[in-house]
Amino acid sequence: MANSEDVRENVKKYYGKQLGSSGDLQTGAASCGSSCRPVPRSVTDALSQVHPEVTKRFFGCGLPFPAKLEGCRVLDLGSGSGRDCYAFSKLVGPNGHVTGIDMTEDLGYMENLEEAGIQSDSMDVVISNCVICLCADKRAVLQQAYSVLKEGGELYFSDMFASKVIPDHMKQDAVLWGEGMGGSLFWPDLISLAHSVGFSSPHLVSASHIVVYNSDLKAKAGDISYVSGTYRLFKLPKSPVTSNAIVAYKGTVADFPDQLDFDSSHCFQKDVAVQVNGEMAAVLQSSRFSSDFKIQMLDKQESNSETTPELCHLNPFLLADKLDPK
């Protein structure tokens, strides 16, 4: 497990031969997606149309289905059996397009999307579902996602996160890595990684505790606990205006006529004006949600410290305690 190639071969073997279905996993990661927050009817309808044999081999840890996908070009990193891709194909509609990438010779690696034929600045939304924790080079994955997104595009993903930095001896354990436990990010490291490749600050959407069923794996993890966390990151313009703004949601996003739950800290009610910081204003102005908000920029320019959300708002363990108490 010393390098990316060793990790890839281990993951291929673990998911291709050892795991027959999500029920073979040694943690409750695959059951996290349904209980964290309400699921729009359009998503449940799309998922219900996926063949049971495809769903049986689903190994994700969340439901990374953002709103307003109609007409979007969507890239699914680590598409696996294709469950989410099939559902996305219903949500993007006839004018949208869905591409899945998985670590096979036919589809390619998400650490090198150009080699797999994905062009820069070509995607509206990049999705992943519990696969970044299986990659050795997480910065490369985020950098590639940033590169293929259009300006204003978003990376919306669910993944396993750890309560502490994973020690090296756990990273060498093939089963721990295959279960996502050996490669999980210590959650604050996501923030620095996101900023280092150019993304906005992460927006925490939902979180749920992950239960480790296997007693041997639990012993190896010691006092490290895990959550499934869903985040959204945006590719903002190079020099966005960073000033406070007054915004009001128009109620125009399908499935959300009265309130748009943008993340765990921002719930926009229809026709209710609220003040947001400069980075959130830039996200709303530059993303596919720009036409869904009335935005009035204020005069005050903000410093970087004022635009960065407090760590407590990005901590998936605190949110999991609130939404999914043990």
Side-chain angles (χ1 to χ4, degrees), residues 1-16 19 29 59-62 64 73-82 84-85 88 98-150 153-162 165-166 168 170-174 176-187 189-200 202 228-235:
M1 303 290 291
N3 56 48
S4 294
E5 193 57 42
D6 291 339
V7 168
R8 288 172 180 170
E9 290 306 312
N10 175 67
V11 172
K12 285 181 182 178
K13 181 186 298 185
Y14 199 77
Y15 284 82
L19 299 181
F59 299 109
C61 63
R73 293 184 60 85
V74 174
L75 173 65
D76 184 5
L77 300 179
S79 51
S81 69
D84 288 355
C85 278
F88 289 133
V98 179
T99 302
I101 288 287
D102 205 68
M103 57 167 62
T104 66
E105 292 182 4
D106 294 332
L107 295 177
Y109 297 111
M110 56 187 177
E111 298 98 329
N112 193 341
L113 296 177
E114 182 179 357
E115 190 176 86
I118 309 298
Q119 297 181 346
S120 298
D121 306 306
S122 64
M123 294 292 166
D124 298 295
V125 182
V126 174
I127 308 285
S128 80
N129 198 341
C130 211
V131 292
I132 296 178
C133 61
L134 301 177
C135 293
D137 192 346
K138 293 166 177 54
R139 190 181 190 282
V141 176
L142 264 64
Q143 182 66 70
Q144 288 291 292
Y146 183 88
S147 177
V148 301
L149 281 169
K150 301 174 184 176
E154 105 170 275
L155 169 61
Y156 192 107
F157 72 104
S158 299
D159 216 79
M160 287 178 64
F161 294 92
V165 174
I166 302 297
D168 288 340
M170 287 181 62
K171 296 178 182 179
Q172 305 304 316
D173 189 300
L176 284 176
W177 195 280
E179 291 285 336
M181 298 169 64
S184 291
L185 271 178
F186 177 39
W187 68 268
D189 291 340
L190 172 64
I191 304 169
S192 56
L193 266 181
H195 288 158
S196 72
V197 302
F199 276 115
S200 68
S228 165
T230 299
Y231 288 89
R232 60 195 320 172
L233 287 67
F234 288 85
K235 182 176 180 176

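- Judged by distance alone, with hydrogens and angles left aside, the side-chain atoms of K235 form no donor-acceptor pair with the main-chain N or O of G153 at under 3.5 Å.
- When side chains are defined from C-beta on, L77 does not count as touching Q144, because their heavy atoms never get closer than 4.5 Å.
- Heavy-atom minimum distance, N112 versus E115: OD1-N, 3.2 Å.
- Contact record, I166 with K171: O-CE, 3.3 Å, taken as the closest heavy-atom pair.
- Heavy-atom minimum distance, V141 versus E111: CG2-CG, 3.9 Å.
- Heavy atoms only, all atoms of each residue included: A194 and S200 are closest at CB-O, 4.0 Å.
- Although no hydrogens or angles enter the test, the distance criterion places a donor-acceptor pair under 3.5 Å between the side chain of S184 and the main chain of G180.
- Note: F199 and Y231 fail the aromatic proximity criterion, with ring centroids not under 6.0 Å apart.
- When each of V125, L233, I127, L149 is tested with E154 by the rule side chain to side chain contact (heavy atoms under 4.5 Å, CB included), just one qualifies, namely V125.
- Distance OG1/T99 to CZ/F88: 12.0 Å, rounded to 0.5 Å.
- Atoms CZ and CG, on F157 and D76 in that order, are 13.5 Å from each other to the nearest 0.5 Å.
- Atom CE of M181 and atom SG of C133 lie 11.0 Å apart (nearest 0.5 Å).
- Between A145 and L113, the shortest heavy-atom contact is N-CD1, 4.4 Å.
- The distance from atom OH of Y156 to atom CZ of F234, rounded to the nearest 0.5 Å, is 9.0 Å.
- Side-chain N or O atoms of D124 include one that pairs as donor or acceptor with a backbone N or O of R73 at under 3.5 Å.
- Using a 4.5 Å cut-off on side-chain heavy atoms (C-beta onward), M160 and C130 make contact.
- Here the shortest heavy-atom pairing between I101 and A116 reads CD1-CB, 3.8 Å.
- In this structure, the separation between OG on S147 and CD1 on I118 is 11.0 Å, given to the nearest 0.5 Å.
- Using modelled atom types, one side-chain atom of W177 and one backbone atom of L134 make a donor-acceptor pair closer than 3.5 Å.
- Two residues are said to be in side-chain contact when any heavy atoms from C-beta on lie closer than 4.5 Å; D159 and L190 fail this criterion.
- Under a 3.5 Å cut-off, the side chain of S196 and the backbone N or O of L193 do form a donor-acceptor pair.
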